[in-house]
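Here's the structure we're looking at; comments come further down.
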Amino acid sequence: MLGNRLAELLSGSEFHDVRTVLYPGSFDPLTNGHLDVIERAARLFDRVIVAVAQNAEKNPLFTPEERCALVVGATRRLRNVQVRAFDGLLVNYVRGCGAQAVIRGLRAVSDFEFEFQMALMNRKLDERVETIFMMPKDTYTFLSSRLVKEIARHGGEVRPFVPTNVGRALAAKFGSASSKSQTT
Ligand code: PNS
C-alpha cells in the first residue's frame with residue numbers, strides 16, 4: 001500500500017484530477033470581455049463550461065439557443081471549453097456538472113457589490129460552491145452586453161467590442177450596415 005502511495009506521489013498522479021470550472025451568465029450576447037475571461041480560465045483549468053442562463057430575467061435579445069450558438073462559434077478554437085444552457089439554480093447546476101468552482105468576471109469596483117452578494121448567497125445555498133473572480137483585460141472595463149446592444153440598435157459600430165460572429169448576429173437583428181460589412 002505504501003508502495004502504491006509512493007508511486008502515486010512520484011508520478012504526480014494525485015494531481016491529475018480534472019479541474020472543471022463553470023462560467024455562468026446571460027451572454028446576451030457574448031462580448032470580447034466575456035471571451036477574454038473564457039480564454040484566461042481555459043489556460044488555468046482543465047475544462048471550462050460556459051453556462052448560458054435560459055431564464056435570464058432581462059427580456060433577452062437572443063434566444064438561449066442563439067446565445068449558446070454564438071458562444072460555441074466564438075470559442076471553437078479553445079479545445080477545453082464547452083457550452084451548455086442551464087435553467088434553475090446555479091448551485092444545483094454546478095454540482096451536476098462536476099465543477100469545482102464558478103468563475104465570474106469583475107470589470108470594475110462597481111461590479112463588486114452585486115458579485116460579492118451573489119457569491120455569498122451561492123455559498124449559503126451550497127457551501128461547496130466556490131466563486132473565483134477574474135479580471136478581463138483593462139481595455140474591456142467599459143464593455144457590457146447591454147451597451148453593445150444599444151449601440152447596435154442605433155446602427156453604431158460594434159466590431160471592436162464583440163467576436164465577429166456576434167457582430168453578424170447583431171447586424172441580422174438590427175439591420176446595422178456597419179456590422180453587416182464584416183467579411184470574416
Ligand atoms: O450575465 P449575468 O446576467 O450577470 O449572469 C447572472 C447569472 C445568470 C449568473 C445569475 O443570475 C444566476 O446564477 N442565475 C441562475 C439562478 C440562480 O441561481 N439565482 C441565484 C443567484 S444567488
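These numbers were taken from a predicted model, which means no experiment stands behind them. Side chains are part of it too, since the values below use all heavy atoms of this structure and drop only hydrogens, waters and symmetry mates. Each ligand, and each atom within it, is numbered from 1 in the order the structure gives.
- Close approach of ligand 1 to A53 is summarised as follows: ligand atoms under 4.0 Å from at least one heavy atom of the residue are 8 (C).
- There is a path of hydrophobic side-chain contacts, each under 4.5 Å, that joins V72 to L78.
- The aromatic rings of Y93 and F86 lie parallel to each other, with less than 30° between the two planes, well short of the 60° mark.
- Using the six-membered ring where Trp is involved, F116 and F112 have ring planes that are parallel, under 30° apart on the 30 and 60° scheme.
- Remark: distances from the non-hydrogen atoms of G88 to ligand 1 include one below 4.0 Å.
- Residue S26 touches ligand 1 through backbone and side chain together, judged by heavy-atom distances below 4.0 Å.
- In the displayed structure, M135 atom CE is contacted under 6.0 Å by at most 12 heavy atoms of other residues, nucleotides or ligands.
- Compare N122, L90, T131 by their heavy atoms: the one nearest to atom 21 (C) of ligand 1 is in N122.
- The shortest heavy-atom distance from R104 to ligand 1 is under 4.0 Å.
- By the 4.0 Å N-to-carboxylate-O rule, R43 lies too far from E39 to be salt-bridged with it.
- For K149 and D28, the salt-bridge test passes: some basic side-chain N is under 4.0 Å from an acidic carboxylate O.
- The G25 neighbourhood of ligand 1 comprises atoms 1 (O), 5 (O), with distances under 4.0 Å to a heavy atom of that residue.
- For ligand 1 and M121, the ligand atoms under 4.0 Å from any heavy atom of the residue are 22 (S).
- When only interatomic distances are considered, the shortest N/O to N/O separation between M118 and ligand 1 does not fall below 3.5 Å.
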